[in-house]
There are 2 protein chains.
Amino acid sequence: MTTAPPSPRVLPHPTREEIRLDSVLHALSDPVRMRIVSELADAEAALSCSRFDLPVTKSTTTHHFRVLRESGVIQQVYEGTAKMNGLRREDLDALFPGLLDALLTAARRQAARDARA
Amino acid sequence: MTTAPPSPRVLPHPTREEIRLDSVLHALSDPVRMRIVSELADAEAALSCSRFDLPVTKSTTTHHFRVLRESGVIQQVYEGTAKMNGLRREDLDALFPGLLDALLTAARRQAARDARA
DNA sequence: CGACTCGTACGATAGCCGTCGTAGTACGTG
DNA sequence: CACGTACTACGACGGCTATCGTACGAGTCG
């Protein structure tokens, strides 16, 4: 048969216009996901999922990455066995200028406060 | 008896140091609450709960205002029968500089996009 | 092919959350 | 005191969510 393969090797992303502020804020309201985004912003490049040392299991990690992708915060592309994750900075900056930087700065401040405690 | 009255006429607020980014983002990830905060920012003054025309019942309204207060986004003070709500702009700006303005701008943009649809 | 790594899918569970209705309290006014 | 207004408290319900474990698929390397 010439039917398409059942495994979706390409992952669904929202278009720029489909990204909603509500969803972005909800995605970033989880500490684990905010941490992922912060590391991604520091890296300035796409990282594979396994490059993150998160305090949750692999299943949960997959879940968090999916939430970030479906909310439009990150972009995910398969590269061999690895799945590379990149921040959708251009889209976010175009939709909500200054928001991403303000959020990243806020996250850094919160992390500094937590470390001081 | 000289015991304190059982009804808490003064409402519990988090101190500035207790305000957490996670909670703020979670509070603002609900469209109804973001709308409240936007109107509060536009008003530049404290407003009573009944000044808002929200698409939910009064019970739910009370719930949303409590979430905003407990996350440290707004301040609530009784004034007769009314409860006045004010944005905690000073505290938020001190903790997360630029974040509130970026969020309000983003909310305006999202609202404009929604209206265009 | 076989083994290994990376990530997914699915099911389960426990907890939180947004919503409502109803009943009730606090305050002001007649 | 009686009444109306503003808001709350409580319980309920449905839905979402963060978490896990286990089992599986897709790719790479020997």
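Lettering of chains follows the sequences in order, A, B, ..., and the numbering in each one begins at 1.
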Kindly state which residues belonging to residues 31-48 of chain A come within less than 4.0 angstrom of DNA chain D, counting heavy atoms of the residue only, listed by number.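 Residues of residues 31-48 of chain A under 4.0 Å from DNA chain D: A:R33.
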
Once you apply a heavy-atom cut-off of 4.0 Å, does B:H64 come out as touching a base, just sugar-phosphate, or nothing? sugar-phosphate

Please classify the nucleic acid contact of A:T62 as base, sugar-phosphate, or nothing, using heavy-atom distances under 4.0 Å. base

Rounded to the nearest angstrom, tell me the gap between atom [atom1] in [X] and atom [atom2] in [N].
X	N	atom1	atom2	answer
A:F52	C:dG7	CZ	P	10 Å
A:Q76	C:dC6	CD	P	16 Å
B:D22	D:dT17	CG	P	17 Å
A:R51	C:dG7	CZ	P	11 Å
A:M84	C:dC6	CE	C1'	12 Å
A:F65	C:dA9	CZ	C1'	18 Å
B:L11	D:dA6	CG	P	18 Å
B:Y78	C:dC27	OH	P	9 Å

Using heavy atoms to find the nearest nucleotide of DNA chain D for A:V56 and A:E79 separately, return the residue whose nucleotide is more 5′.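 Going by which nucleotide is closer to the 5' end, it is A:V56.
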
On DNA chain D, compare the nucleotides closest to A:P55 and B:R69; which residue's is nearer the 5' end? B:R69

Using only side-chain N and O atoms of B:T61, determine if any of them is under 4.0 Å from OP1 or OP2 of D:dC7.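 For D:dC7, OP1/OP2 do not have a side-chain N/O of B:T61 under 4.0 Å.
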
Side-chain N or O of B:T57 versus OP1/OP2 of C:dG21: is the shortest distance under 4.0 Å?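 Result: no.
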
Could you list the residues that satisfy side chain to side chain donor-acceptor pair (under 3.5 Å) with A:T62, not counting sequence neighbours? none

Would you compute the distance between atom [atom1] of [X] and atom [atom2] of [Y] and round it to the nearest 0.5 angstrom?
X	Y	atom1	atom2	result
A:R88	A:Q76	CZ	CD	11.0 Å
A:D22	B:R33	CG	CZ	11.0 Å
A:D30	A:R35	CG	CZ	11.0 Å

Among the candidates [options], find the nucleotide nearest to the side-chain atoms of [X].
X	options	answer
A:K58	C:dC6, C:dC17, D:dT19	C:dC6
A:T60	D:dC7, C:dG7, D:dA18	D:dA18
A:R66	D:dC20, C:dC27, C:dA9	C:dA9
B:H63	C:dT19, D:dC20, D:dA6	C:dT19
B:T81	D:dA18, C:dC27, C:dC6	C:dC27

Identify, with sequence neighbours excluded, every residue that meets side chain to side chain contact (heavy atoms under 4.5 Å, CB included) alongside A:E17. A:T15

Which heavy atom in B:A27 sits nearest to a heavy atom in B:S71, and how many Å separate them?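 So the minimum-distance heavy-atom pair works out to CB-OG, 3.4 Å.
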
Out of A:D42, A:V37, A:L40, which residue meets the side chain to side chain contact (heavy atoms under 4.5 Å, CB included) rule with A:L104?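 It is A:V37, the one option of A:D42, A:V37, A:L40 that forms the side chain to side chain contact (heavy atoms under 4.5 Å, CB included) with A:L104.
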
Dump the intermediate steps for side chain to side chain contact (heavy atoms under 4.5 Å, CB included) on B:L25 and A:M34, then the final yes or no. CA-CA 11 Å; B:L25 293 185; A:M34 180 56 102; 3.7 Å; yes

For residues 92-101 of chain B, tabulate all N or O donor-acceptor pairs below 3.5 Å that involve a side-chain atom, not counting sequence neighbours.
| from | atom 1 | to | atom 2 | distance (Å) |
| --- | --- | --- | --- | --- |
| B:D101 | OD1 | B:R89 | NH1 | 3.2 |

Polar atom pairs (N or O), protein with nucleotides 10-12 of chain D, under 3.5 Å:
none

Kindly write out the residues that satisfy ring pair (Phe, Tyr, Trp, His ring centres under 6.0 Å) with B:F52, not counting sequence neighbours, or none if the list is empty.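 In terms of ring pair (Phe, Tyr, Trp, His ring centres under 6.0 Å), with neighbours along the sequence ignored, B:F52 is linked to B:F65.
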
